[in-house]
Amino acid sequence: MIQVMGAEPLAGEIWVQGSKNAVLPVMAAAILHSGVSVIENVPKIQDVTCMMGILSSLGCEVTLEGRTLRINAAKLSGYEIERKDMGQMRSSMMLVGPLLARFGRAVAFAPGGCSIGKRPVDLHLSALRCLGARVVEMDGRMEFEAEGLEGGNISFPYPSVGATENAVMAAVFAKGRTRILGCAREPEIVELCRFLRHMGARIFGEGTSLIEIEGGGKFRDTQYRIAGDRIVAGSYLAAVLCTGGEICVRGVEAGQLQAVLAVLEQLGAKIFALPDGVALAMKGRPRGSLFVKTAPYPAFPTDMQSLLLAVFARAEGENRIEETVFEGRFQAARELKKFGAYIQIEGNCVTVRGRARLRGAVVEAPDLRGGAALVLAALAAEGRSEIHAYEHIARGYASICEDLQGLGAKIRLSE
Ligand code: EPZ
């Protein structure tokens, strides 16, 4: 559990970890090449450990030294992602495209819902079918087959990040040209495409709604450095709105946080974009009467929704958030009430009337970003707080306690 003595201002500089949502698809893409991929700036988080375990179970040689991961996929031998692994980490679904590309076969299990929503995989299946895959589903088990993937036209009705990643990774192997319309534009998609291009793939248009791929390329050993985690950076910047103070977050591109920084500025923060990060200063309480809507990139990211709720819990005035990406992502709102803020949930909207003096509370992390939001509320609250179920937070934050301690917070991890 995490223990916090709150209401201390934050100050200092921090280098942010590598991006969880970039490194996971890059690790999956490494199996497309029957050789060695070296990935640098890998965050020490539970999801990376889990993905390493899955790759090893499929026959890859995987070693992590410090923050450098080496994957040798020459001896890849399996194509079935075990049910327990899909249950532990839904994003292992993104291995299906690369396995189908390498073996012409893949087996996975419908990951099932989680604390933020149902999370179906229908867009993954329809995209892979467009490239010639056949899919048989039985009791949640999905068997994929393709004699040889053929390039084709994919049109997404919704810009799913994971489905875009699966489509791109299958298409780089497919014979001929693939056009992916309506694809996700997140920075993590751009990173995946850059990594694949380093490996020898021919990809155009990443970061826009149309990606075109000339498949069937020869791949080569590659070395790639993962960019900083924009959501972890956004989490620490939001923390300063909860406590006051001034920090500098390095190792992240300010341009990837535009929608988040615009909201934090409207709440009273002073923000400076740096060549390699963001500086932010905050005096007094956040104030505003905002209505923020989450949506796919470049709009305000759903992964920052819970963190913004924590900021609203301390803000003057009444603020609202509408969550349009996941249907069940308000678990943190229920826990945040225990700190004393007035929070009302109606459907996929939350209204928050903040309190100048939040009080310490004992709470439980409901999921990864919800857990981080509870840490921020504890930093803002007076007195002592406990945040239980730390394992949720450890999935995506490599060192949240050390990082915040380094910025002056009275926070520690205890058994
Ligand atoms: C990725 O999840 C991220 N995870 C999530 O981050 C992030 O919240 C999400 O993208 C949106 O930005 C990783 O990158 C590992 P989606 P993903 O497919 O790919 C629906 C975190 O906290 N949908 O864009 O699963 C889905 O139900 C995590 O770091 C379908 O309907 O997100 C959801 O409502 C949480 N059918 C919406 O689309 C499908 O086949 C967005 O999902 C796929 C998705």
Side-chain angles (χ1 to χ4, degrees), residues 17-29 43 45-48 50-51 54 86 88-97 108 110-130 135 137 142 154-169 182-192 209 226-227 229-235 256 259-260 294-308 323-332 348 365-373 392-398 400:
Q17 69 186 57
S19 164
K20 166 178 93 78
N21 292 348
V23 72
L24 293 174
V26 164
M27 289 173 74
I45 54 177
Q46 185 50 41
D47 274 10
V48 166
C50 179
M51 183 64 97
I54 297 172
M86 295 292 297
Q88 194 185 346
M89 188 177 68
R90 313 174 22 73
S91 47
S92 30
M93 182 71 196
M94 65 177 72
L95 284 162
V96 169
C114 64
S115 68
I116 61 175
K118 284 196 302 294
R119 305 192 67 184
V121 292
D122 56 311
L123 299 178
H124 295 249
L125 303 188
S126 57
L128 295 171
R129 286 188 174 110
C130 287
V135 192
E137 294 177 75
M142 299 178 287
I154 298 167
S155 177
F156 283 121
Y158 183 88
S160 155
V161 171
T164 300
E165 290 164 346
N166 244 331
V168 165
M169 290 189 279
C183 52
R185 297 165 52 194
E186 272 70 4
E188 293 76 32
I189 302 288
V190 173
E191 281 234 69
L192 172 63
S209 303
I226 296 289
D229 192 306
R230 61 188 171 104
I231 303 300
V232 172
S235 303
Q256 295 186 355
V260 173
T294 68
Y297 195 86
F300 190 92
T302 174
D303 290 350
M304 281 296 300
Q305 180 252 103
S306 302
L307 287 307
L308 187 60
E323 171 57 62
T324 73
V325 177
F326 288 105
E327 71 280 5
R329 201 170 196 174
F330 285 138
Q331 310 294 325
N348 65 347
D367 53 60
L368 165 56
R369 305 303 175 186
H392 288 293
I393 302 173
R395 288 192 51 199
Y397 291 81
I400 190 165

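Whatever order the structure lists them in is the order used to number ligands and atoms, beginning at 1. This chain uses plain numbering: 1 for the first residue, then up along the sequence.
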Side chain, backbone, both or neither: the part of [X] lying under 4.0 Å from ligand 1 by heavy atom:
X: L368; value: side chain
X: D122; value: both
X: K20; value: side chain
X: Y158; value: side chain
X: R369; value: side chain

Does any N/O atom on [X] come nearer than 3.5 Å to any N/O atom on ligand 1?
X: A163; answer: no
X: S91; answer: no
X: V325; answer: yes
X: N21; answer: yes

Please report the closest heavy-atom contact between [X] and [Y], naming both atoms and the distance.
X: A373; Y: S306; result: CB-O, 3.2 Å
X: A127; Y: A167; result: CB-CB, 4.1 Å
X: T324; Y: A295; result: OG1-CA, 3.8 Å
X: T294; Y: V325; result: OG1-N, 3.8 Å
X: G182; Y: F156; result: O-CB, 3.3 Å

Return the residue, atom name and 0.1 Å-rounded distance of the protein heavy atom closest to [atom].
atom: atom 5 (C) of ligand 1; answer: D303 OD2, 3.9 Å
atom: atom 19 (O) of ligand 1; answer: G162 N, 2.8 Å
atom: atom 17 (P) of ligand 1; answer: R119 NH2, 3.9 Å
atom: atom 24 (O) of ligand 1; answer: V161 N, 2.8 Å
atom: atom 40 (O) of ligand 1; answer: L123 N, 2.7 Å
atom: atom 32 (O) of ligand 1; answer: F326 CZ, 4.0 Å
atom: atom 18 (O) of ligand 1; answer: S160 OG, 2.7 Å
atom: atom 11 (C) of ligand 1; answer: T302 CG2, 3.9 Å

- Query: Would E188 count as a contact of ligand 1 if the rule is a heavy atom under 4.0 Å away?
  - Reply: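 The answer is no: ligand 1 sits nowhere under 4.0 Å from a heavy atom of E188.
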Between [X] and [Y] (side chain of the first, backbone of the second, donor and acceptor by atom type, cut-off under 3.5 Å), is there such a pair?
X: Q17; Y: A398; result: yes
X: R119; Y: R90; result: no
X: E186; Y: Y297; result: yes
X: N348; Y: E327; result: no

- Given R329, M94, R395, R90, which has its nearest heavy atom closest to atom 35 (C) of ligand 1?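 Result: the heavy atom closest to atom 35 (C) of ligand 1 is in R329.
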- For atom 23 (N) of ligand 1, which of P120, G117, A295 has the closest heavy atom?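 Ranked by closest heavy atom to atom 23 (N) of ligand 1, first place is P120.
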- So which pairs with a foot in residues 297-307 pass salt bridge (charged side-chain N to carboxylate O under 4.0 Å, His left out), sequence neighbours left out?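 Residue pairs with at least one partner in residues 297-307: D303-R329.
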- Looking at CD of E165 and NE2 of H124, how far apart are the two atoms once the value is rounded to the nearest 0.5 Å?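 Here the interatomic distance stands at 8.5 Å.
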- Query: Protein heavy atom under 4.0 angstrom of atom 21 (C) of ligand 1, is there one?
  - Reply: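 Under the 4.0 Å cut-off, atom 21 (C) of ligand 1 does have protein heavy-atom neighbours.
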- Item | Enumerated ligand 1 atoms positioned under 4.0 Å from heavy atoms of V121 |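 In order of numbering, the contacting atoms are 39 (C), 40 (O).
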- With a cut-off of 4.0 Å, which atoms of ligand 1 are near a heavy atom of H124?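 Listed by number with element, the hits are 40 (O).
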- Do C183 and I189 have side-chain heavy atoms sitting under 4.5 Å apart?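 C183 does not reach I189 side chain to side chain.
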- Message: Tell me every residue that passes salt bridge (charged side-chain N to carboxylate O under 4.0 Å, His left out) with D47, counting only those two or more places apart in sequence or in another chain.
- Response: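 For D47, the residues satisfying salt bridge (charged side-chain N to carboxylate O under 4.0 Å, His left out) (neighbours in sequence not counted) are K20, R395.
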- Query: So among M51, M86, M169, M27, which one has a side-chain contact (heavy atoms from CB on, under 4.5 Å) with L95?
  - Reply: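 When side-chain contact (heavy atoms from CB on, under 4.5 Å) is applied between L95 and each of M51, M86, M169, M27, only M51 qualifies.
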